[in-house]
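As structure tokens, the structure follows; a few thoughts come after it.
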Amino acid sequence: MVSASNDLNIENTNIKTASGVTLDEDQKTLVGSVLDLFAGRPSLKKLQLWADDGTFEDPITKAVGRAQYEPQWYGLQAAFSEIERLHHEVTSGGNPITMDLRTRYVVKGLGKEQTIDSKINIFYDKITGKITKVEDKWDGKLPDSSIQNAFRKINAVTVPKLVSVPKNNEEDAAKGNQ
């Protein structure tokens, strides 16, 4: 299904699960790669675990397709001087895989610190093993107003114009990813 996590240089391999929750090796690879992305450690290899038409959704963006979701992940490196995972726990090994995540971010240049508690849902295609959607629900919620959703769509289109995604593995490695 998916590549072995060591081929992808996944850094988050110690996946914590709630009592009674088990993950197979492919699910552990998907969760580890998503934890790396939330830690500001993207790579082209890790993003190959995503379907081309996949979706990333959080309260400030709804990015559909590789051209929109890849810059969202690379943008974390540009926006934050520090990203620290304070806690994670996989609460369901189904589809979606669900996870509680607490992350501390420090905004570059401002030094402003923000801690976000998220409920993460990782949807994947059981045949290809690719991630089809990741929902990042801050405090367990996503916006449901048309105005908020309009701003999320604008963000999904604007970020790719401001954040460059490496074109190949060599360029990715030169940026310190891989």
Side-chain angles (χ1 to χ4, degrees), residues 1-66 68-77 79-80 82-105 114-142 156 165-166 169 172 175-178:
M1 217 163 35
V2 297
S3 300
S5 61
N6 56 356
D7 295 341
L8 301 168
N9 293 326
I10 292 175
E11 296 169 33
N12 288 284
T13 56
N14 183 18
I15 309 299
K16 294 178 178 58
T17 58
S19 178
V21 174
T22 58
L23 299 173
D24 64 30
E25 288 306 309
D26 290 333
Q27 290 173 313
K28 287 179 186 175
T29 297
L30 295 178
V31 171
S33 72
V34 168
L35 286 171
D36 281 3
L37 294 174
F38 276 103
R41 303 291 297 146
S43 72
L44 294 175
K45 288 180 183 178
K46 292 171 196 168
L47 288 165
Q48 287 305 307
L49 293 173
W50 286 59
D52 289 340
D53 60 351
T55 301
F56 171 71
E57 203 170 344
D58 72 7
I60 59 173
T61 197
K62 183 173 182 178
V64 180
R66 190 169 296 282
Q68 288 187 357
Y69 67 70
E70 284 184 341
Q72 301 297 326
W73 295 115
Y74 280 95
L76 291 177
Q77 295 173 329
F80 301 104
E82 292 178 45
I83 301 173
E84 177 186 11
R85 185 180 66 241
L86 303 173
H87 167 80
H88 84 278
E89 183 178 64
V90 176
T91 56
S92 170
N95 192 358
I97 299 166
T98 58
M99 174 171 54
D100 293 334
L101 181 66
R102 173 177 281 164
T103 310
R104 182 182 70 86
Y105 298 93
Q114 178 73 42
T115 298
I116 297 177
D117 288 303
S118 297
K119 299 279 185 199
I120 307 296
N121 291 320
I122 304 168
F123 297 83
Y124 62 97
D125 183 306
K126 288 188 178 190
I127 296 169
T128 64
K130 295 208 179 230
I131 295 170
T132 56
K133 182 178 187 178
V134 170
E135 293 175 333
D136 177 8
K137 298 180 177 187
W138 298 357
D139 296 320
K141 299 180 216 126
L142 283 172
V165 173
N169 288 333
D172 209 14
K175 286 186 165 199
N177 302 314
Q178 302 278 320

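Sequential numbering from 1 along the given sequence is applied to the chain's residues.
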**Message:** Between S118 and D136, is there a side-chain donor-acceptor contact under 3.5 Å, judged purely by atom types and distance?
**Reply:**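 Yes, because at least one side-chain N or O of D136 sits under 3.5 Å from a partner of the opposite role on S118.
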Contact between [X] and [Y] at the side-chain level, heavy atoms closer than 4.5 Å - yes or no?
X    : Y   : answer
S92  : V21 : no
I83  : L76 : yes
T132 : T55 : no
I122 : P96 : no
D53  : V64 : no
N169 : K45 : yes
Y74  : L44 : yes
V134 : E57 : no

**Request:** Please list, chain by chain and in numerical order, all residues satisfying side-chain contact (heavy atoms from CB on, under 4.5 Å) with N95, sequence neighbours excluded.
**Result:**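 If we apply the side-chain contact (heavy atoms from CB on, under 4.5 Å) test to N95, skipping adjacent residues, the hits are F123, Y124, K126.
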Sequence-distant partners of [X], side-chain hydrogen bond (donor to acceptor under 3.5 Å, both in side chains), two or more places apart:
X    : answer
R102 : D117
Q77  : N177
T98  : T91
Q72  : none

**Message:** Determine whether I97 and N121 satisfy the following criterion, side chain to side chain contact (heavy atoms under 4.5 Å, CB included), listing intermediate values before the conclusion.
**Reply:** CA-CA 6 Å; I97 299 166; N121 291 320; over 6 Å; no
**Request:** Report the C-alpha distance between V90 and L23 in whole Å, list the side-chain angles of each, state the deciding distance to 0.1 Å, and finish with yes or no for side chain to side chain contact (heavy atoms under 4.5 Å, CB included).
**Result:** CA-CA 9 Å; V90 176; L23 299 173; 4.0 Å; yes
Smallest separation among heavy atoms of [X] and [Y], with atom names:
X    : Y   : result
L8   : K46 : O-CE, 3.6 Å
G94  : Q27 : O-NE2, 3.8 Å
A156 : A63 : CB-CA, 3.8 Å

Any sub-3.5 Å donor-acceptor pair from [X]'s side-chain atoms to [Y]'s backbone N or O?
X    : Y   : value
K130 : Q48 : yes
T61  : D58 : no
R66  : L47 : yes

What distance do [X] atom [atom1] and [Y] atom [atom2] have between them, rounded to the nearest 0.5 Å?
X    : Y    : atom1 : atom2 : result
D36  : E11  : CG    : CD    : 5.0 Å
Y105 : T103 : OH    : OG1   : 4.0 Å
N12  : K28  : CG    : NZ    : 14.0 Å
W138 : Q114 : CH2   : CD    : 7.5 Å
L35  : K16  : CG    : NZ    : 9.5 Å
D125 : K133 : CG    : NZ    : 15.0 Å

**Message:** Show, in sequence, the C-alpha distance, side-chain angles and deciding distance for T17 and T22, and conclude whether the side chain to side chain contact (heavy atoms under 4.5 Å, CB included) test is met.
**Reply:** CA-CA 7 Å; T17 58; T22 58; over 6 Å; no
**Asked** Quick one: salt bridge (charged side-chain N to carboxylate O under 4.0 Å, His left out) pairs with a partner in residues 83-94, sequence neighbours left out?
**Response** E84-R104
**Request:** Start with the C-alpha gap between K62 and E135, add the side-chain angles, then the distance that decides, and say whether side chain to side chain contact (heavy atoms under 4.5 Å, CB included) holds.
**Result:** CA-CA 9 Å; K62 183 173 182 178; E135 293 175 333; over 6 Å; no
**Whether W50 and W73 hold their rings parallel, tilted or perpendicular, with breakpoints at 30° and 60°** =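 It falls in the perpendicular class, over 60°.
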